[in-house]
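To start, the structure under review is shown below, and the notes come after it.
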2 protein chains.
Amino acid sequence: MDSFEPTIQKLRSKGFKLTPQRLAVIKYMIGNTNHPSALTIHKDLKKRYPSLSFSTVYNTLNVLEEIGEVRPLYIFSEHVNYDPSVEPHVHFLCTECNRIHDIFPHETEGIRLPVGELDGHLVTSSQVILRGICRDCR
Amino acid sequence: MDSFEPTIQKLRSKGFKLTPQRLAVIKYMIGNTNHPSALTIHKDLKKRYPSLSFSTVYNTLNVLEEIGEVRPLYIFSEHVNYDPSVEPHVHFLCTECNRIHDIFPHETEGIRLPVGELDGHLVTSSQVILRGICRDCR
DNA sequence: GTACTTGCAAACAGTTTGCATAGGC
DNA sequence: GCCTATGCAAACTGTTTGCAAGTAC
């Protein structure tokens with residue numbers, strides 16, 4: 001229960017205020033595995049918060065990114081998708097249904113990614129996008 | 001020499017015409033390791049082809065993508081970068097200088113990526129973006 | 001000669017910004 | 001009460017589109 005309490009704490013501790021709009025976005029995002037875009041978030045939340053504006057959604061997403069609670073995914077050219085920041089995982093984009101599936105380490109014996117030094121560069125994070133046909137579309 | 005002959009062949013074989021503008025973009029892209037954006041391509045080619053328009057650059061990039069000679073990279077939220085499609089490699093984005101470095105398999109003992117089936121999904125391609133500080137900026 | 005391509009300008013989509021009002025703490 | 005956040009509209013950026021004129025083949 002109240003799995004968004006830590007997020008609220010972090011928000012406040014970094015000097016941001018908790019508004020009903022921000023709380024709504026936090027509740028919407030935490031645990032959400034659909035990798036929604038700002039458009040989708042706004043569309044969905046507008047049902048319950050009719051006055052919610054686009055700029056507030058963007059503002060909140062930028063704040064959540066800043067405090068490390070959300071990660072932008074640049075998978076499509078048209079828009080940014082957002083992923084609640086959890087344990088590291090890779091993304092699988094189905095080219096049929098355009099959905100983004102999460103794949104977690106325990107399912108990914110076939111994947112190994114570098115940390116530390118590689119070819120002289122210092123690697124601090126990695127993002128993997130796999131493409132293909134998802135299990136539902138096959 | 002004339003390493004772009006195969007590209008021209010492929011272009012023609014798929015029913016596209018070879019125009020001076022397209023040739024210019026092909027020559028600019030083939031072997032280019034800078035992962036330029038459409039803006040950069042246009043800016044650079046405009047010096048030699050002053051009448052070259054944006055829409056022609058975009059048209060040509062889309063054609064080259066269609067025939068598999070160029071691959072769009074969604075690394076930044078703001079714009080698309082283009083990579084001449086060669087042997088599989090991963091990309092390293094330096095968060096200091098914002099340059100994209102190529103890293104090829106022989107340098108990447110630390111990386112393994114899946115092919116075929118994974119967690120029920122059929123994986124056909126993969127894209128890896130590493131982030132950190134590049135060897136020049138360290 | 002017949003498509004297809006170009007170049008221009010206008011349209012478009014997603015995101016950001018400016019500013020007056022509202023509201024968290 | 002102070003200062004940040006909201007909501008609206010307008011601005012902005014990268015990309016796409018419509019169309020008349022030009023050109024590869």
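Comparing the local axis fitted to the first five base pairs of the helix from dG1(C)-dC25(D) to dC25(C)-dG1(D) with the one fitted to its last five gives a bend of 40°, rounded to 10°.
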Acceptor/donor pairs from residues 59-67 of chain B side chains to any protein atom, 3.5 angstrom cut, sequence neighbours excluded:
from	atom 1	to	atom 2	distance (Å)
T60(B)	OG1	T56(B)	O	2.8
N62(B)	ND2	Y58(B)	O	3.3

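Taking atom CD on E65(A) and atom C1' on dT15(C), their separation rounds to 13 Å, with Å as the unit. Taking atom NZ of K46(A) as the reference point, atom P of dT6(D) lies 14 Å away to the nearest angstrom. dC4(C) atom C1' lies 12 Å from atom CG of L11(B), rounded to whole Å. Rounded to a whole Å, the NE2 atom of H42(A) is 15 Å from the C1' atom of dA13(C). The distance from atom OH of Y49(B) to atom P of dT23(D) is 15 Å, rounded to the nearest whole Å.
Looking at residues two or more places apart in sequence or on another chain, you find a side-chain hydrogen bond (donor to acceptor under 3.5 Å, both in side chains) between S55(A) and S53(A). By the side-chain hydrogen bond (donor to acceptor under 3.5 Å, both in side chains) test, Y74(A) is found to be paired with no residue, residues two or more places apart in sequence or in another chain being considered.
Remark: the backbone N or O of H79(B) is not paired with any side-chain donor or acceptor of S37(B) at under 3.5 angstrom.
Considering only side-chain N and O atoms, Q21(A) lies under 4.0 angstrom from the phosphate OP1 or OP2 of dG7(D). In this structure, R22(B) does not reach the dA24(D) phosphate: none of its side-chain N or O atoms is under 4.0 Å from OP1 or OP2. Here T56(B) reaches the OP1 or OP2 of dG7(C): one of its side-chain N or O atoms lies under 4.0 Å away.
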Filtered N/O pairs between nucleotides 10-17 of chain D and protein, under 3.5 Å:
from	atom 1	to	atom 2	distance (Å)
dT15(D)	OP1	V80(B)	N	2.9
dT15(D)	OP2	Y58(B)	OH	2.3
dT15(D)	O5'	Y58(B)	OH	3.1

Measure all distances between protein nitrogen or oxygen atoms and nitrogen or oxygen atoms of nucleotides 23-25 of chain C, and list the pairs falling under 3.5 Å.
from	atom 1	to	atom 2	distance (Å)
dG24(C)	O3'	L18(A)	O	3.2
dG24(C)	N2	K17(A)	NZ	3.2
dC25(C)	OP1	R12(A)	NE	3.3
dC25(C)	OP1	R12(A)	NH2	3.1
dC25(C)	OP1	L18(A)	N	2.9
dC25(C)	OP2	R12(A)	NH2	3.3

Q.
One pair to check against side chain to side chain donor-acceptor pair (under 3.5 Å): D119(A) and H101(B). What are the steps and the verdict?
A. CA-CA 10 Å; D119(A) 198 24; H101(B) 298 259; over 6 Å; no
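Taking the six-membered ring for Trp and thresholds of 30 and 60 degrees, H91(B) and H35(B) have ring planes more than 60 degrees apart, a perpendicular arrangement.
Contact annotation: the side chain of Y82(B) never approaches that of L73(B) to less than 4.5 Å [non-hydrogen atoms, C-beta and beyond]. L93(B) is not listed as a side-chain neighbour of R99(B), based on a closest heavy-atom distance of 4.5 Å or more.
Residues V80(A) and P72(A) come closest through the heavy atom pair CG1-CB, 3.7 Å.
E69(B) and S85(B) form no side-chain donor-acceptor contact under 3.5 Å, judged by distance and modelled atom types alone.
Taking the charged nitrogens against the carboxylate oxygens, E117(B) and R138(A) do have a contact shorter than 4.0 Å, which makes a salt bridge.
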